[in-house]
Amino acid sequence: MKGREVLVNLFEACNSGKSVAQLHSLTLKDGLAHDSFFATKLNALYAKYESLGHARKVFDETPNRTVYLWNATLRSYCRENQWEETLYLFHNMISDSRGNDEKPDNFTIPIALKACTGLRALAYGKIVHGFVKKHEKVALDMFVGSALIELYSKCGQMGDALKVFNEFSQPDVFLWTSMVTGYEQNGNPEEALEFFFRMVMVGRVDPDRVTLVSAVSACAQLSNFRLGSCVHGVAIRNGFNSDLSLVNSLLNLYAKTGSVKTAASLFGKMPEKDVISWSSMIACYTHNGAILEALNLFNEMIDRGIEPNSVTVVNALQACAVAGNLEEGKKIHELATRKCFELDITVATALIDMYMKCLAPQEAFDLFKRMPKKDVVSWAALLSGYAQNGMAYKSMGVFRNMLSDETQPDAVAMVKLLTACSELGILQQALCLHAYVIKRAFKNNIFVGASLIELYSKCGSIDIANRLFEGIKDKDVVIWSAMIAGYGVHGQGAEALKVFDKMVKHSAVKPNDVTFLSVLSACSHSGLVEEGIEIFNMMVREYQLKPGPEHYGIIVDLLGRTGELDKAMEIVECMPNASAPHVWGALLGACRIHNDTKLGEAAAKSLFLLDPNHAGYYILLSNIYAMDNKWEHVADLRTLIREKGLNKMSGQSVVEARGDIHSFVAGDRRHQDSDQIFGLLGTLEVKMREESYVPDVDFQQHDMHGGCFTDLKCIKA
DNA sequence: GTAAGTGTTC
């Protein structure tokens, strides 16, 4: 028996793969290798240091397997994410085919449940749950409980998870945390936070770092800065504020709540950063319109030798997409190709999106063709990309191909399709798609509903849009915003303001940043300058919403129109992130109206850095120079545009007349009835002059391409 | 012996 004790001590001291093999031969020599105690030890050590194969061999060769040996083996497979094998072994364990083997205990069950969770095998998980209820020997302890909650929540069954949770009178931190995490990951952040606060206040259980991570994520989902800061405070009080995952989730919180400065300072103070920290910070800059900062940070990361992963690449690509920065985008594409990230469907889709937003649809399509696998997201990116490039008619074809490829649209793809269609403004098509939406049961989706309202508005059928709007019983903020935007694009600013007023005064729905964007742009389209500025103040003061770059863009545009260029510049200068291209674009536009060459040059300087390939900005500046009679500057800019190979996308109009669809560009004379059309235009012009309208023809520098009329077919849904 | 953080189309 002395040899046995020595062996036990040797096993305790074992800490490398080499010594496991030595121990194995020692036990074989002493005839103890199949003793279930040593077999279990050997099994676990082999799995840890050597290989699962060796561990399995020990398991297979042991005649009388104790529950410990079973558990050690199951755990080894589960740790390596070999869930099928784990469940196969577990199934052998519970079936009676090997009579002398022991039955699962409450150490076995969580392992089996974890394998079920990994496979999302809800049905088998329920069998395991049934086993727990049937066998009195298996206690429903907290380990089993949280594994069950985990299974149910990963399978989207929070009701079942709650039932399990309620069986415990004194839940521990794991059980509480499983519930918080479960609700958070199932898109129910309110419930997650309720559990979090109940845990602390009623349960009197201290949250640990994982609970806090989930609570912060819930706040991020709600974009609730105040609540998030509270949780941050709790984290600091509990001494978790240097936990890497926790700080990373805080970065995400501050990104989602537009608190770029807080995020940046947190990022700067991090004692250690990993690739997720860098990616999160890049995403934070991108989503808050600080494109230069995002790209700078990405390049800094590369310079420091920190390896970006596919997520980092996606974030950096988004920055290029927002800025329309094709050069940087191509560089990142090269990097992605080197690292074989192009195979990642998410990266490929982000690349398609980037090329589309950088007005390079051909490159996007080439990449799409090369993709070995496409999903509904990549199809949707292609579809909406064409619409963004003035080729919305192609979107309809893409949609048909997508259906032939047996990819069914989800709600987002549907929204994209409806938006593409609204670019065309064809009522016939709108009606077809509306029918499709009803047929495919998308009509209760609020985003789809809002897109239909937008679609009808843009087709000129504001009445149908309004009827649709009135027909929706539980109008939420998205629906209200869509109707306001609908009146806005129609130039019915007063109607838009009426709807907004009704929403604020007679509904329980609170306007959000999108609503304010709709109202502000409605004011801008109808020239309601004072109302717009008043509403902007209301947004900041009454609703405490942080204006994003788009809001600033409109307000700069409004101020610019009234000639208050100084005020507009002031706003641009005190914006939280002064690098959003279209805000500068709005300022540049205002300088064109009011002939301010100096300010225009300054705005253009910033713009050419931020969005170097946007032909429109060069043309705007050249128009400013033209008005100031600085023709040499005009010539320089024209050369620059040519050298850069930039093309201003020509505006294409589509008209529906008696069921036929005609499209044309400026100066287009290809239509068979061209003479008649231009004759009528002449008559209209005379009438307009009679009504004392003077057209603004000071600076006509449109690049005219020969366009053609295209016939579009209504898609059959 | 359990759990957690960044990503594609809105």
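Below, read A as the first sequence line, B as the second, and so on, with proteins coming before strands; counting in each chain starts at 1.
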*Figure out the CG/P separation between L417(A) and dC10(B), and round it to whole Å.*
14 Å

_Nearest-Å distance for atom pair CG/C1', residues L151(A) and dA3(B)_ = 14 Å

_For K154(A), give me all partners under salt bridge (Lys or Arg N to Asp or Glu O under 4.0 Å), at least two apart in sequence or on another chain._
E150(A)

*With a non-hydrogen cut-off below 4.0 angstrom, is V415(A) in contact with a base, only sugar-phosphate, or nothing?*
sugar-phosphate

*Whole-Å distance between dC10(B) P and L452(A) CG?*
18 Å

*asked:* Need one value for F447(A): base, sugar-phosphate or nothing, where a base atom within 4.0 Å counts as base even if backbone is also close, heavy atoms only.
replied: nothing

*Which residues share a salt bridge (Lys or Arg N to Asp or Glu O under 4.0 Å) with D344(A), sequence neighbours left out*: none

_Nearest-neighbour nucleotide for the V314(A) side chain, dC10(B), dA4(B), dG7(B) considered_ = dG7(B)

*With the side chain of V210(A) defined as its heavy atoms from C-beta on, choose the nearest nucleotide among dT8(B), dG1(B), dA4(B).*
dA4(B)

*State, yes or no, whether a side-chain contact exists between N224(A) and T257(A) at a heavy-atom distance under 4.5 Å.*
no

*Taking only residues two or more places apart in sequence or in another chain, which ones pass side-chain contact (heavy atoms from CB on, under 4.5 Å) with E80(A)?*
L52(A), Q82(A)

*Step through it carefully: locate the ring centre of W70(A), locate the ring centre of F90(A), and say whether they are under 6.0 Å apart.*
no

*asked:* With a 4.0 Å limit, can you tell me whether Q185(A) has a side-chain N or O closer than that to the phosphate oxygens OP1/OP2 of dA4(B)?
replied: yes

*Inter- and intrachain pairs under side-chain hydrogen bond (donor to acceptor under 3.5 Å, both in side chains), touching residues 447-457 of chain A, at least two apart*: H434(A)-Y456(A), E454(A)-K458(A)

*asked:* How many whole angstroms separate atom CD1 of I149(A) from atom P of dA3(B)?
replied: 13 Å

*Could you check whether T181(A) gets within reach of a base, just the sugar-phosphate, or nothing at all, counting any heavy atom under 4.0 Å?*
sugar-phosphate

*Between dT2(B), dA4(B), dT6(B), spot the one nearest the side chain of S146(A), thanks.*
dT2(B)

*Identify whether any heavy atom of D208(A) sits under 4.0 Å from a base atom; if not, whether one sits that close to sugar-phosphate; answer base, sugar-phosphate or nothing.*
base

*Is any side-chain nitrogen or oxygen of N315(A) closer than 4.0 Å to OP1 or OP2 of dG7(B)?*
no

_Please determine whether a side-chain nitrogen or oxygen atom of K154(A) lies at a distance below 4.0 Å from atom OP1 or OP2 of dA3(B)._
no

*Evaluation steps, salt bridge (charged side-chain N to carboxylate O under 4.0 Å, His left out), between E167(A) and K163(A)*: CA-CA 7 Å; E167(A) 297 209 28; K163(A) 271 188 213 153; over 6 Å; no

*Looking at Q318(A), does any N or O in its side chain come under 4.0 Å of the phosphate oxygens OP1/OP2 on dT8(B)?*
yes

*asked:* Any residue in residues 341-351 of chain A with a heavy atom nearer than 4.0 angstrom to DNA chain B? Just list them by number, or reply none.
replied: D344(A), T346(A), T349(A)

*Quickly work out the L317(A) CG to dG7(B) P distance and round it to whole Å.*
14 Å

*Have a look at L244(A) and say if it touches a base, only the backbone sugar-phosphate, or nothing, with a 4.0 Å heavy-atom cut-off.*
base

*Round to the nearest Å and state the distance from I453(A) atom CD1 to dC10(B) atom P.*
20 Å

*Remember a base hit wins even if backbone is also touched, and classify S310(A) as base, sugar-phosphate or nothing at under 4.0 Å, heavy atoms.*
base

*Can you find a side-chain donor-acceptor pair between T312(A) and N315(A) that sits under 3.5 Å?*
no

*In whole angstrom, what separates M199(A)'s CE from dA3(B)'s C1'?*
11 Å

*Of all residues at least two apart in sequence or in a different chain, which pass the side-chain contact (heavy atoms from CB on, under 4.5 Å) check with A44(A)?*
none

*Rounded to whole angstroms, how far apart are CZ on R209(A) and C1' on dT2(B)?*
16 Å

*Among dA4(B), dG1(B), dT8(B), the one nearest S245(A) by side-chain distance*: dA4(B)

*Would you call F174(A) stacked on dA3(B), i.e. ring centres under 5.5 Å apart with the planes less than 30° off parallel?*
no

*Between dT8(B), dG1(B), dG7(B), which nucleotide has the shortest distance from any of its atoms to the side chain of D375(A)?*
dT8(B)

